[in-house]
Amino acid sequence: MTPEKPHIVIAVDGPAAAGKGTLSRRLAEHYGLSHLDTGLTYRATAKALIDRGLPLDDEDVAAKTAHALDLSGLDRSVLSAHEIGEAASKVAVMPKVRRALVEAQRAFARTMPGAVLDGRDIGTVVCPDALIKFYVTASPAVRARRRHDEIIGNGGEADLASILADIEKRDARDTDRADSPLRPAADAHLLDTTEMGIETAFEAARLLVDTALER
Ligand code: DC
């Protein structure tokens, strides 16, 4: 009899534009796991409210919308718009919305053969028993520069100073939130990508995952 493959959950947290999305996709691809960018679940909830002309400040209405969310229909290209990110950060402070989305995220994490989830509270709240946890960070200046270059690379227009101001504002909102604030889990591996390319970060993470799998 072949031994059963273990169910693997990899938690990746960190502030906006630190490189956690790219790292998570690379890890999911390498280990044959599903990947969920949990930020998209907050963004999709906000977009559903906007599309239906519903208020962004009514917790019960937002929670009902979050409960009805279909995780299979999350479209990054539509949801990545700046205004949707702003609206998402408003619904992300609501405990009832968080409870509904965390339930859906946990169900996703339980699917076989496992999953990589990235967000702000994966290691601390959503999957505290994950096989391995990473906290990906970089200085605000480097994150702003990366976001700026990405927008320019896609043919858009961007102003570095306003991107930096925006990143600092979002950091404060994510960190100061009462429910599930952004912080590294006690047992998370810190990956500071300020001076490290994403490929180097991926190699470091891969070695740590391989070691965790051997235990
Ligand atoms: O990472 P992002 O920009 O797509 O996140 C959108 C918003 O959702 C942002 O305000 C942070 C919030 N978020 C959260 O509170 N918890 C998560 N696990 C993921 C995102």
Side-chain angles (χ1 to χ4, degrees), residues 9-25 28 34-50 56-57 59 62-63 65-66 69 71 73-109 115-130 133-138 140 143-144 146-148 150-151 158 162-185 188 191 193 198:
V9 175
I10 301 177
V12 182
D13 289 302
K20 59 185 189 303
T22 312
L23 177 71
S24 301
R25 277 190 290 278
S34 319
H35 169 233
L36 178 64
D37 171 353
T38 60
L40 293 183
T41 65
Y42 291 91
R43 286 171 178 264
T45 302
K47 182 169 187 300
L49 290 168
I50 295 168
L56 285 168
D57 58 357
E59 183 162 358
T65 306
L69 197 70
L71 292 198
L74 302 173
D75 183 344
R76 168 180 307 281
S77 59
V78 174
L79 296 173
S80 62
H82 182 75
E83 316 76 68
I84 296 178
E86 281 294 305
S89 72
K90 291 185 186 139
V91 299
V93 300
M94 298 172 171
K96 286 184 189 170
V97 170
R98 300 201 70 85
R99 236 174 287 146
L101 294 180
V102 165
E103 199 180 296
Q105 292 160 11
R106 285 183 180 148
F108 184 94
V116 182
L117 281 80
D118 75 85
R120 305 290 192 286
D121 59 343
I122 309 303
T124 51
V125 175
V126 182
C127 302
D129 299 327
K133 304 174 185 177
F134 294 106
Y135 189 84
V136 187
T137 187
R143 288 187 279 134
R146 285 189 194 143
R147 185 54 52 95
H148 172 271
E150 187 186 318
I151 297 169
S162 63
I163 293 177
L164 179 59
D166 199 53
I167 278 187
E168 285 172 339
K169 198 173 73 193
R170 288 186 55 182
D171 283 357
R173 216 183 279 160
D174 289 342
T175 314
D176 298 342
R177 180 172 69 209
D179 188 344
S180 317
L182 170 66
R183 63 178 170 79
L191 288 175
T193 66
I198 191 67

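Reckoned from all heavy atoms, side chains included, excluding hydrogens, waters and symmetry mates. Numbering starts at 1 and runs along the sequence shown. If you're wondering where the values come from, they're calculated on a predicted model, not measured in any experiment. One-based numbering, in listed order, for ligands and for the atoms of each.
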(message) Rounded at 0.5 Å granularity, tell me how far CG in L117 sits from CG in D13.
(response) 9.5 Å
(request) Just let me know how R43 lines up against ligand 1, side chain, backbone, both or neither, with a heavy-atom cut-off below 4.0 Å. (result) side chain
(message) Does anything in residues 80-92 form a salt bridge (Lys or Arg N to Asp or Glu O under 4.0 Å)? List the pairs, not counting sequence neighbours.
(response) E86-R173
(request) List the closest protein heavy-atom neighbour of atom 19 (C) of ligand 1: residue, atom name, distance to the nearest 0.1 Å. (result) T38 OG1, 3.4 Å
(message) Checking the N or O distance criterion of under 3.5 Å, is ligand 1 in contact with K20?
(response) no
(request) Could you name each residue pair satisfying side chain to side chain donor-acceptor pair (under 3.5 Å) that touches residues 97-109, not counting sequence neighbours? (result) T41-Q105, Y42-R98, R98-D121
(request) Indicate yes or no: does an N/O atom of R98 lie under 3.5 Å from an N/O atom of ligand 1? (result) yes
(request) Would you give the length of the straight line joining atom NZ of K47 to atom OG1 of T45, rounded to the nearest 0.5 angstrom? (result) 12.0 Å
(message) What protein heavy atom lies closest to atom 20 (C) of ligand 1? Include the residue and the distance to one decimal.
(response) G39 CA, 3.6 Å
(request) Counting heavy atoms only, name the option from D174, D121, I84 that's nearest to atom 18 (N) of ligand 1. (result) D121
(request) Would you give the length of the straight line joining atom CG of D179 to atom CE of M94, rounded to the nearest 0.5 angstrom? (result) 12.0 Å
(message) Check this for me - ligand 1, D118, N or O atoms closer than 3.5 angstrom, yes or no?
(response) no
(message) List ligand 1 atoms under 4.0 Å from A92, heavy atoms only on the residue side.
(response) 12 (C), 15 (O)
(request) Return the minimal non-hydrogen interatomic distance between Y135 and P15, and the atom names on each side. (result) OH-CD, 4.1 Å
(request) Might you work through the side chain to side chain contact (heavy atoms under 4.5 Å, CB included) test for R146 and T193, ending with a clear yes or no? (result) CA-CA 11 Å; R146 285 189 194 143; T193 66; 3.1 Å; yes
(request) Specify the protein heavy atom at minimum distance from atom 1 (O) of ligand 1: its residue, its atom name, and the distance to 0.1 Å. (result) R120 NH1, 2.9 Å
(request) Looking only at distances, please establish whether an N/O atom of ligand 1 is found under 3.5 Å from an N/O atom of Y42. (result) no
(message) Return the closest protein heavy atom for atom 10 (O) of ligand 1 as residue, atom name and distance.
(response) S89 CB, 3.0 Å
(message) Once rounded to the nearest 0.5 Å, what's the spacing between atom CG of L40 and atom CG of D118?
(response) 8.5 Å
(message) For the CZ atom of R43 and the OG1 atom of T38, what is their distance to the nearest 0.5 Å?
(response) 11.0 Å
(request) For atom 7 (C) of ligand 1, grab the closest protein heavy atom and report residue, atom and distance to one decimal in Å. (result) A88 CB, 3.9 Å
(request) Tell me which protein heavy atom sits closest to atom 3 (O) of ligand 1, plus the residue, atom name and distance to 0.1 Å. (result) R170 NH2, 2.3 Å
(request) May I ask you to check whether R177 has an N/O atom sitting below 3.5 Å from an N/O atom of ligand 1? (result) yes
